[in-house]
A.B. asks: 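Would you mind keeping the following structure in view while I ask a few things?
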Amino acid sequence: MAKPKSAISPTRSENFPEWYQQVIRAADLAENSETRGCMVIKPWGFAIWEAIQRDLDFRFKATGHENAYFPLLIPLAYLEKEAEHAEGFATECAVVTHHRLEAVKDENGKTRLIPAGKLNEPYVIRPTSETIIGAAFSRWVGSYRDLPLLINQWANVMRWEMRPRLFLRTSEFLWQEGHTAHETKEEALEETHMIHQLYSDAIRDLLAIPVIMGEKTEAERFPGAQSTLTVEAMVQDKKAIQAGTSHYLGQNFAKAQNITFVDRDNTEQHVHTTSWGVSTRLVGTLIMAHSDDDGLVLPPRVAPQQIVIIPVTPKEETREAVIDSCEALATRLREQTYGREPVRVHVDTRDLGGGIKKWDWVKKGVPIRIEIGPRDLEERKVCLQRRDQPAQEKTFMEKNDFLRDAVEILDSIHQSLLEKARDFRSSNLTECTDLASFEKHWDDSNENPGWLITPWSGSREEEEEISKRLKITVRCLPMDKQDEPEVPCFLTGTPTKSRAIWGRSY
RNA sequence: CGGGGAGUAGCUCAGCUUGGUAGAGCGCUGCGUUUGGGACGCAGAUGUCGCAGGUUCGAAUCCUGUCUCCCCGACCA
């Protein structure tokens, strides 16, 4: 037999980046727009982001945070206040310099709009909001009684990316940014760790992606931060994606922006701030983590539709009965809940061939497909197909059993995706203790090198040298591997208890 | 931002070297036959040939500029 035809071409092994684009197109998630580097997020893609939003928003509020909203435009002078931060973002800022257009006829009589009304002080379109939120904090905080201040904002930000990719790196993207201010360093650090854990839990429970929790090295830190915590995910080409970050900013921004309070001993102090965020990049991560050569595979918790019921209506005389039965089943299923929300069920009554509909939903990644035809109606059965299994795979089960087990099946799909991702990562994360095999691992003959974990005590300069040379980065210093048995660093030979994870990244 | 490739129907692309004003397959619409399956037949619709200039009697085709996308690199919270 010829090799089975896949719905997506090229396949992952043929051309991973192209496969990624095709999955997005086939699932109708998003498209490139006319605006450089920006994307149009289509309903199916946006619904995934909305599901992520709802869950995270719930978690933020449950841990005492409140939502607020700050301006899109930041006075240039604000961004200049924290030196390291200013330098870090300088090259990727879009700048607003005018506030008016003048309509002018050109030589062909066509109306042209010419920027006019030059601003004395330009605005920067926010690449992140530390500075403008800091300015608000300095007004809002006066006493230790005002602390902690726990704010989150859902917003868009803009970073003028040179090489955009749908969802993974777009010039404009959607995210949430948490900004908090605290009395003490300990409290602020506790906040960053709490959020770090929250992200790790949410990504595991929602997206079925296991992440490694760790700290960034100095070279990889957020500009202006004292420490940056990261959650790192591995996707199917074995590259790393930073899926979320949580920063301890120390008093850097407080000092730059005068965020002070009078403490319990009546002395003026600077607050300790944090910031943390996840973005629409999570959608890209999810696509690359689970999808296969037949298209998108969605973890049930974020699937815009979790169960799609396809009526099979070969004969006109049984058509109505079949559709009624499908609708009735959908209603019963919607009465159930999965992960704090009613089960999302869609009945596909479009007047199209069964095969077309089936493959449509395969490519869109719907976790459960149910088909009901006249025969099943008589036998009170349903035909069950799971997206975590091959597209041809079918199971017939009693309708009542399915009604009883549907939520459980959704959860088992979630679990199987998570386990598969976990197995993939563990078989591509190898220990390495010597420089020779480290260098060999990254040489050109190894097209998709996995991650390496090494004993590490190198300096920033040593890290930057080897990173540049081998086109890799330290993904993180994994939190649970910083007190290991003392062995020589693979690079410097200095005995160390610390371990570092290395990889290629998006 | 550097190197390479590409922009022609919704999608994938042919046509461009040798200028004469547009095609295929898939998709789409309608009708019919099918139908536990991404089927078939017939009929039909759809393009300022990325945009702006220039050369020419005439430009998808030649020239200049510009924008966008893709790949590789540099950069990247």
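For clarity, every value in this text was computed on a predicted model and none was experimentally measured. Computed from heavy atoms alone, side chains included, the values below leave out hydrogens, waters and symmetry copies. Proteins get letters first, then strands, A, B, ... in listed order; numbering begins at 1 in each.
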A.B. asks: Report yes if the side chains of A:Trp276 and A:Thr180 come closer than 4.5 Å at any heavy-atom pair, otherwise no.
C.D. replies: yes
A.B. asks: What contact category does A:Glu18 fall into here, base, sugar-phosphate, or nothing, at under 4.0 angstrom with non-hydrogen atoms?
C.D. replies: nothing
A.B. asks: What's the CZ-P distance between A:Arg169 and B:G73, to the nearest Å?
C.D. replies: 12 Å
A.B. asks: Please measure how far the P atom in B:G32 lies from the corresponding atom in B:A22, and state the result in whole Å.
C.D. replies: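 35 Å, rounded to whole Å.
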A.B. asks: Base, sugar-phosphate, or nothing: which does A:Lys363 touch, judged by heavy atoms less than 4.0 Å apart?
C.D. replies: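 It contacts base atoms.
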A.B. asks: Mind checking A:Arg221 for me? I need base, sugar-phosphate or nothing, with any heavy atom below 4.0 Å counting as a touch.
C.D. replies: sugar-phosphate
A.B. asks: With a cut-off of under 6.0 Å to the ring centre and 45° to the axis, is A:Lys381 in cation-pi contact with A:Phe396?
C.D. replies: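 No, A:Lys381 does not lie over the aromatic ring of A:Phe396.
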A.B. asks: Assign A:Tyr506 to base, sugar-phosphate, or nothing according to its heavy-atom contacts below 4.0 angstrom with the strands shown.
C.D. replies: nothing
A.B. asks: Separation of A:Asn15 atom CG from B:C72 atom C1', in whole Å?
C.D. replies: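 Rounded to the whole Å, the gap is 13 Å.
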A.B. asks: For A:Pro17, which contact category applies under a 4.0 Å heavy-atom criterion: base, sugar-phosphate, or nothing?
C.D. replies: sugar-phosphate
A.B. asks: So which nucleotide does B:A6 pair with, by the Watson-Crick or G-U wobble rule with both distances under 3.5 Å?
C.D. replies: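 Base-paired to B:U68.
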A.B. asks: How far, in whole Å, is B:G5 from B:A14 if one measures between their P atoms?
C.D. replies: 15 Å
A.B. asks: Atom CD of A:Gln153 and atom P of B:A77: how far apart are they, to the nearest Å?
C.D. replies: 21 Å
A.B. asks: Does this structure show an ion pair linking A:Lys468 with A:Glu464, if we count only N-O contacts that are shorter than 4.0 Å?
C.D. replies: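 Salt bridge flag = no for A:Glu464 with A:Lys468.
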A.B. asks: May I ask which nucleotide in the shown strands pairs with B:G36, Watson-Crick or G-U wobble, both distances under 3.5 Å?
C.D. replies: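 By the stated definition (distances under 3.5 Å), nothing pairs with B:G36.
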A.B. asks: Looking at B:C49, which nucleotide sits across from it as a Watson-Crick or G-U wobble partner, both distances under 3.5 angstrom, or is there none?
C.D. replies: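 Paired with B:C49, as far as the under-3.5 Å criterion goes, is no nucleotide at all.
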A.B. asks: Side chain of A:Pro223, heavy atoms from C-beta onward: which of B:A74, B:A77, B:C72 has the nearest atom to it?
C.D. replies: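 Of all the options, the side chain of A:Pro223 is nearest to B:A77.
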A.B. asks: Output the rounded distance in Å from CZ (A:Arg369) to C1' (B:G36).
C.D. replies: 13 Å
A.B. asks: Quick one: label A:Trp160 by what it contacts on the DNA or RNA (base, sugar-phosphate, nothing), any heavy atom closer than 4.0 Å.
C.D. replies: nothing
A.B. asks: Taking the side chain as every heavy atom from C-beta outward, state whether A:Ile212 and A:Trp451 have any pair of such atoms under 4.5 Å apart.
C.D. replies: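 They are in side-chain contact.
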A.B. asks: Using atom C1' of each nucleotide, how far apart are B:A24 and B:G47 to the nearest Å?
C.D. replies: 14 Å
A.B. asks: Would you give the length of the straight line joining atom CG of A:Leu296 to atom CH2 of A:Trp44, rounded to the nearest 0.5 angstrom?
C.D. replies: 8.5 Å
A.B. asks: Taking the six-membered ring for Trp and the single ring otherwise, decide whether the centroids of A:Phe70 and A:His179 are under 6.0 Å apart.
C.D. replies: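 No, too far apart.
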A.B. asks: Is the distance from OP1 or OP2 of B:C70 to the nearest side-chain N or O of A:Asn32 less than 4.0 Å?
C.D. replies: yes
A.B. asks: Rounding to an integer number of Å, can you tell me how far A:Ile356 CD1 sits from B:C26 P?
C.D. replies: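 These atoms are roughly 14 Å apart.
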A.B. asks: C1' atom, B:C62 versus B:C49: distance in rounded Å?
C.D. replies: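 Per the computed distance, 15 Å lies between those C1' atoms.
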A.B. asks: Between B:G15 and B:G73, how far is it from one C1' atom to the other, in whole Å?
C.D. replies: 34 Å
A.B. asks: Determine whether any donor atom in the side chain of A:Lys357 lies under 3.5 Å from an acceptor atom in the base of B:G36, or the reverse, and answer yes or no.
C.D. replies: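 When only heavy-atom distances are counted, A:Lys357 does not reach the base of B:G36 through any donor-acceptor pair under 3.5 Å.
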A.B. asks: Flag the pair A:Lys42 and A:Glu31 as a salt bridge only when some basic side-chain nitrogen lies within less than 4.0 angstrom of an acidic carboxylate oxygen.
C.D. replies: yes
A.B. asks: To the nearest Å, give me how far apart CD (A:Glu464) and C1' (B:A74) are.
C.D. replies: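 For the pair A:Glu464 CD and B:A74 C1', the rounded distance is 15 Å.
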A.B. asks: May I ask you to say what A:Arg25 touches in the nucleic acid, namely base, sugar-phosphate or nothing, with a heavy-atom cut-off under 4.0 Å?
C.D. replies: sugar-phosphate
A.B. asks: Nearest to the side chain of A:Arg163 - B:G36, B:G73, B:C76?
C.D. replies: B:G73
A.B. asks: Less than 4.5 Å apart, any side-chain heavy atom of A:Ile41 and any of A:Val283?
C.D. replies: no
A.B. asks: Using a heavy-atom cut-off of under 4.0 Å over every strand shown, decide if A:Gln21 touches base, sugar-phosphate, or nothing.
C.D. replies: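 Answer is sugar-phosphate: A:Gln21 comes under 4.0 Å of backbone atoms only.
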A.B. asks: Check whether the side chain of A:Arg159 and the base of B:A77 form a donor-acceptor pair under 3.5 Å.
C.D. replies: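 Donor-acceptor pair under 3.5 Å: yes.
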A.B. asks: Now, which nucleotide makes the Watson-Crick or G-U wobble pair with B:C62, with each of the two distances under 3.5 Å?
C.D. replies: B:G54
A.B. asks: Can you check the A:Ile8 CD1 to B:C11 C1' distance for me, whole Å?
C.D. replies: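 Spelled out: CD1 on A:Ile8 to C1' on B:C11 is 13 Å.
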A.B. asks: Taking any heavy-atom pair under 4.0 Å as a contact, classify A:Gly244: base, sugar-phosphate, or nothing.
C.D. replies: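 No contact.
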A.B. asks: Give a yes/no on whether any side-chain N or O of A:Lys471 is located under 4.0 angstrom from OP1 or OP2 of B:C75.
C.D. replies: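 For A:Lys471, the contact criterion (side-chain N or O under 4.0 Å from OP1 or OP2 of B:C75) is not met.
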A.B. asks: Between A:Phe89 and A:Gln22, which has a closest nucleotide on RNA chain B that is more 5'?
C.D. replies: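 Its nearest nucleotide being more 5', the pick is A:Gln22.
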A.B. asks: Looking at every strand, decide which applies to A:Gly373 at a 4.0 Å heavy-atom threshold: base, sugar-phosphate, or nothing.
C.D. replies: base
A.B. asks: If we take the P atom in both B:C16 and B:C28, what is their distance in whole Å?
C.D. replies: 31 Å
A.B. asks: P atom, B:G2 versus B:U61: distance in rounded Å?
C.D. replies: 26 Å
A.B. asks: Side chain of A:Trp359, heavy atoms from C-beta onward: which of B:G37, B:G38, B:C75 has the nearest atom to it?
C.D. replies: B:G38
A.B. asks: What's the gap between B:A60 and B:U48 when it is taken at their P atoms, as a whole Å value?
C.D. replies: 13 Å
A.B. asks: Please work out if A:Asp376 contacts a base, only the sugar-phosphate, or nothing of the nucleic acid, heavy-atom cut-off 4.0 Å.
C.D. replies: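 Here A:Asp376 touches the bases of the nucleic acid.
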A.B. asks: Would you say the side chain of A:Lys358 lies within less than 4.5 Å of the side chain of A:Gln385, judging by non-hydrogen atoms?
C.D. replies: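 A side-chain contact under 4.5 Å exists here.
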A.B. asks: So A:Lys216, base contact, sugar-phosphate only, or nothing? Heavy-atom distance under 4.0 Å.
C.D. replies: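 Nothing, no nucleic acid heavy atom in range.
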A.B. asks: Please figure out whether A:Thr313 or A:Val157 has its closest RNA chain B nucleotide nearer the 5' end.
C.D. replies: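 Closer to the 5' end of RNA chain B: A:Thr313.
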A.B. asks: Provide, to the nearest angstrom, the distance between the CH2 atom belonging to A:Trp175 and the P atom belonging to B:A77.
C.D. replies: 12 Å
A.B. asks: Find the partner of B:A22: check Watson-Crick (N1-N3 plus N6-O4 or O6-N4) and G-U wobble (N1-O2, O6-N3) distances, both under 3.5 Å, and reply none if neither fits.
C.D. replies: none
A.B. asks: Using purine N1 to pyrimidine N3 plus N6-O4 or O6-N4 for Watson-Crick, or N1-O2 and O6-N3 for G-U wobble, each under 3.5 Å, what pairs with B:C31?
C.D. replies: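 Pairing partner, where one exists within any strand: B:G41.
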